[in-house]
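FYI, the numbering just counts along the sequence from 1. Counting convention: from 1, in listed order, for ligands and their atoms alike.
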Amino acid sequence: MKRVYVAVFTLVTALAVVLSLSLSAHAQNASETLFKSKCAACHGPDGTGSATGKKLGAHDFTTAEVQKMTDAQLTDTITNGKGKMPAYKSLKPEDIKGLVAYIRTLKK
Ligand code: HEC
């Protein structure tokens, strides 16, 4: 009988792990899509900055200069804008959180 419990427990745990991994992969893809549609025009698909973005003063997301900024600072810049960076108040807080997490993945 005990073996059955162990087997069921193992199965449930494995399923939970697979499910949470696929959910976070999904969230990351959604953020990547959002970044590529709304942000890449200035920041480039890889975050290093397009020609337009660099002219406006965007910094390379892969460098320590941007990566050393806190999540709160990045969130604030995206939400409220900064210099020539437009504000994205229309985005949901969880979308912005996803974008910040996506920017973290661009670190070299
Ligand atoms: C019209 C061009 C433009 C678009 C579109 C744009 N940005 Fe920016 N972004 C900028 C500029 C210019 C700065 C630099 C602002 C400053 O420091 O004066 C900046 C700064 C930032 C920063 C702070 C790091 C830095 O470079 O100083 C973050 C984070 C950021 N943008 C994220 C985003 C995200 C996420 C989006 C999409 C939702 C986005 N940006 C869309 C132009 C843009």
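Sequence neighbours left out, the pairs with a member in residues 99-108 that pass salt bridge (Lys or Arg N to Asp or Glu O under 4.0 Å) are Asp71-Arg104. The side chain to side chain donor-acceptor pair (under 3.5 Å) pairs that include a residue from residues 1-11 number zero, where partners must be two or more places apart or lie in different chains.
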Report all side-chain donor-acceptor pairs from residues 88-102 shorter than 3.5 Å, counting only partners two or more places apart or in another chain.
{"from": "Tyr88", "atom 1": "OH", "to": "Lys38", "atom 2": "O", "distance (Å)": "3.3"}
{"from": "Lys89", "atom 1": "NZ", "to": "Asn80", "atom 2": "OD1", "distance (Å)": "2.9"}

Give a table of atom pairs where an N or O of ligand 1 lies under 3.5 Å from a protein N or O.
{"from": "ligand 1", "atom 1": "7 (N)", "to": "His43", "atom 2": "NE2", "distance (Å)": "2.7"}
{"from": "ligand 1", "atom 1": "9 (N)", "to": "His43", "atom 2": "NE2", "distance (Å)": "2.8"}
{"from": "ligand 1", "atom 1": "26 (O)", "to": "His59", "atom 2": "N", "distance (Å)": "2.9"}
{"from": "ligand 1", "atom 1": "26 (O)", "to": "His59", "atom 2": "ND1", "distance (Å)": "3.2"}
{"from": "ligand 1", "atom 1": "27 (O)", "to": "His59", "atom 2": "ND1", "distance (Å)": "2.6"}
{"from": "ligand 1", "atom 1": "31 (N)", "to": "His43", "atom 2": "NE2", "distance (Å)": "2.9"}
{"from": "ligand 1", "atom 1": "40 (N)", "to": "His43", "atom 2": "NE2", "distance (Å)": "2.7"}

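In this structure the side chain of Leu106 never reaches within 4.5 angstrom of the side chain of Thr48, judged on heavy atoms. In this structure the side chain of Thr62 never reaches within 4.5 angstrom of the side chain of Gln67, judged on heavy atoms.
Ring orientation note: the planes of His43 and Phe35 are tilted relative to one another, at an angle of 30° to 60°.
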